[in-house]
Amino acid sequence: MKHVLFVLTSHDTLGNTGHKTGFWVEEFAAPYYLLADAGVQITLASPKGGHPPIDPKSADPDFATPATRRFDNDAALQAKLTQTLPLAGVNARDFDAVFYPGGHGPLWDLANDAYSLALIAATINAGKPLAAVCHAPAVLVRSLTADGTPLVAGKHVTGFSNSEEAAVGLSEVVPLLVEDGLKAKGALYQKGPDWAEHVVEDGLLITGQNPASSEGVARALLARLQPARHL
């Protein structure tokens with residue numbers, strides 16, 4: 001049985017707007033169910049441990065998908081979510097891959113978290129795949145290779161685009177624009193149409209542009225974990 005670590009944000013404040021943020025439900029639920037239904041064991045972690053915050057907007061019925069509706073009725077997964085492990089206590093060697101769901105929260109904590117950066121480096125150094133969707137590719141901006149160069153330099157990656165951030169009116173609120181941050185580190189950033197599924201794979205990195213890409217990223221990760229499986 002393969003074992004994947006999901007790393008969720010612990011940050012719940014949307015800058016100085018007075019609004020709440022966190023992780024985006026679709027970007028957690030869709031990948032979780034796709035992998036779990038395929039027999040993958042999943043462990044949940046976050047910087048602070050305990051219950052990571054859900055972005056309240058992502059629970060709006062307007063953004064509902066089959067995966068989020070399943071989550072809303074899944075008492076067992078909701079209970080599991082309240083008991084995420086503190087990120088400081090997890091080790092890359094215990095997992096076959098790592099997955100970062102998005103939401104705006106990671107821009108404030110996971111993008112700078114020392115334990116997250118160490119986890120990413122250990123995962124890549126061990127030759128294991130690492131996946132991130134929407135805002136979560138921000139965790140790669142400050143990630144380094146073993147020789148100290150930016151992990152994304154020369155790599156094809158994607159993430160929440162500048163135009164999508166502008167569309168939600170948060171370009172001046174967020175501490176980091178994912179697209180700009182990746183490009184600044186030498187990434188070969190790619191994007192598809194706003195809000196459409198767009199998944200990019202390069203080496204061990206699997207990235208998705210937006211919420212519509214969450215299941216596609218998980219599907220690509222599953223293919224890495226089960227190469228003989230036809231999806």
Side-chain angles (χ1 to χ4, degrees), residues 4 6-9 14 21-35 55 57-58 60 62-68 97-108 110-111 116 120 124 129-143 150-224 231:
V4 174
F6 272 45
V7 182
L8 296 145
T9 183
L14 190 62
T21 190
F23 71 88
W24 198 260
V25 176
E26 161 68 18
E27 296 165 22
F28 164 72
Y32 184 96
Y33 287 126
L34 188 145
L35 293 170
D55 187 316
K57 285 189 176 181
S58 72
D60 190 296
D62 288 343
F63 298 116
T65 66
T68 64
V98 178
F99 185 94
Y100 282 83
H104 282 90
L107 299 180
W108 276 273
L110 290 171
S116 177
I120 292 168
I124 297 299
L130 187 138
V133 65
C134 199
H135 287 88
V139 304
L140 303 174
V141 170
R142 293 179 176 84
S143 297
L151 176 62
V152 296
K155 294 288 188 181
H156 296 277
V157 295
T158 190
F160 205 59
S161 65
N162 289 352
S163 55
E164 288 167 321
E165 200 69 80
V168 298
L170 295 175
S171 299
E172 304 303 320
V173 172
V174 295
L176 171 69
L177 290 170
V178 179
E179 178 180 339
D180 285 354
L182 292 169
K183 287 178 176 178
K185 297 298 182 177
L188 304 177
Y189 177 87
Q190 301 176 342
K191 63 167 286 187
D194 287 358
W195 316 115
E197 179 179 352
H198 186 66
V199 177
V200 176
E201 299 183 59
D202 193 334
L204 296 171
L205 299 179
I206 305 170
T207 50
Q209 182 176 322
N210 46 39
S213 309
S214 59
E215 189 167 297
V217 170
R219 200 174 290 276
L221 178 59
L222 183 59
R224 299 287 189 93
L231 300 179

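Because only heavy atoms are used, hydrogens play no part in the values below, and waters and symmetry mates are left out as well, while side chains stay in. This structure is a prediction, so every number in the text was calculated from the model and none was measured.
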Novice: Applying side-chain contact (heavy atoms from CB on, under 4.5 Å) to L107 and L177, what does each step give before you reach the verdict?
Specialist: CA-CA 9 Å; L107 299 180; L177 290 170; over 6 Å; no
Novice: Report yes if the side chains of S171 and N162 come closer than 4.5 Å at any heavy-atom pair, otherwise no.
Specialist: no
Novice: Check the surroundings of atom NZ in K191: do more than 12 heavy atoms from other residues, nucleotides or ligands lie under 6.0 Å from it?
Specialist: yes
Novice: Any side-chain heavy-atom pair from V7 and V139 closer than 4.5 angstrom?
Specialist: no
Novice: So do V133 and Y100 actually touch side chain to side chain, heavy atoms under 4.5 Å?
Specialist: no
Novice: Under the side-chain contact (heavy atoms from CB on, under 4.5 Å) test against K185, which residue among L151, V157, V152 passes?
Specialist: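 Testing each of L151, V157, V152 against K185, the sole residue satisfying side-chain contact (heavy atoms from CB on, under 4.5 Å) is V152.
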Novice: Would S213 and E197 satisfy side-chain hydrogen bond (donor to acceptor under 3.5 Å, both in side chains), going step by step from the backbone distance to the final call?
Specialist: CA-CA 4 Å; S213 309; E197 179 179 352; 6.0 Å; no
Novice: Report yes or no: do Q190 and T158 form a side-chain donor-acceptor pair below 3.5 Å?
Specialist: no
Novice: Please name the pair of heavy atoms, one in S214 and one in P31, separated by the smallest distance, quoted to 0.1 Å.
Specialist: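 Where S214 meets P31 most closely, the heavy atoms are O-CG, 3.5 Å.
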Novice: Taking all non-hydrogen atoms of both residues, which atom of T9 and which atom of P106 are closest, and how far apart?
Specialist: OG1-N, 3.6 Å
Novice: Output the distance between atom CG (L140) and atom CG (L130), rounded to the nearest 0.5 Å.
Specialist: 6.0 Å
Novice: Testing the basics here: between L110 and S116, what is the closest heavy-atom pair and its distance to 0.1 Å?
Specialist: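 So the two residues come closest at O-OG, 3.8 Å.
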Novice: Ignoring hydrogens, what is the shortest heavy-atom contact between A196 and A212? Give both atom names and the distance.
Specialist: C-CB, 4.1 Å
Novice: So do L170 and L14 actually touch side chain to side chain, heavy atoms under 4.5 Å?
Specialist: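 Yes. Closest side-chain heavy atoms under 4.5 Å.
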Novice: Please give me the minimum heavy-atom distance between V178 and P137, naming the atom from each residue.
Specialist: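 Looking at all heavy atoms of both residues, the closest pair is CG1-CB, 4.2 Å.
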Novice: I want to check something: taking the side chain as every heavy atom from C-beta on, are H198 and N210 in contact at a cut-off of under 4.5 Å?
Specialist: no
Novice: Taking side chain as C-beta onward, heavy atoms only, is F6 less than 4.5 Å from L35?
Specialist: yes
Novice: Are a donor atom and an acceptor atom from the side chains of S161 and Y189 found within less than 3.5 Å of each other?
Specialist: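 Side chains of S161 and Y189: no pair found under 3.5 Å.
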Novice: Between CG of L188 and CG of L182, what distance do you get to the nearest 0.5 Å?
Specialist: 10.5 Å
Novice: I120 and V98: side-chain contact (heavy atoms from CB on, under 4.5 Å), yes or no, with the steps?
Specialist: CA-CA 8 Å; I120 292 168; V98 178; over 6 Å; no
Novice: Under the side-chain contact (heavy atoms from CB on, under 4.5 Å) rule, what do I124 and L205 come out as? Steps first, then yes or no, please.
Specialist: CA-CA 9 Å; I124 297 299; L205 299 179; 4.0 Å; yes
Novice: Let's go through S58 and F23 carefully: what are the C-alpha distance in whole Å and the side-chain angles of both, what is the deciding distance for side-chain contact (heavy atoms from CB on, under 4.5 Å) to 0.1 Å, and is it a yes or a no?
Specialist: CA-CA 8 Å; S58 72; F23 71 88; over 6 Å; no
Novice: In Å and rounded to the nearest 0.5 Å, what is the OG1 to NE2 distance from T207 to H156?
Specialist: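 Atom-to-atom, T207:OG1 and H156:NE2 are 11.0 Å apart.
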Novice: Do E201 and R224 have side-chain heavy atoms sitting under 4.5 Å apart?
Specialist: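 Counting from C-beta outward, E201 and R224 do come under 4.5 Å.
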Novice: Ignoring hydrogens and geometry beyond distance, is a side-chain donor-acceptor pair present between E164 and H135 at under 3.5 Å?
Specialist: no
Novice: Does the gap between the ring centers of F160 and W24 come in under 6.0 Å?
Specialist: no
Novice: Given side chains that start at C-beta, do those of T68 and F63 come closer than 4.5 Å, heavy atoms only?
Specialist: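 No - every pair of side-chain heavy atoms lies 4.5 Å or more apart.
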Novice: Could you tell me the separation between the CD atom of E215 and the CD atom of E27, rounded to the nearest 0.5 Å?
Specialist: 13.0 Å
Novice: Check whether D55 reaches the backbone of T21 with its side chain - one donor and one acceptor, N or O, closer than 3.5 Å.
Specialist: no
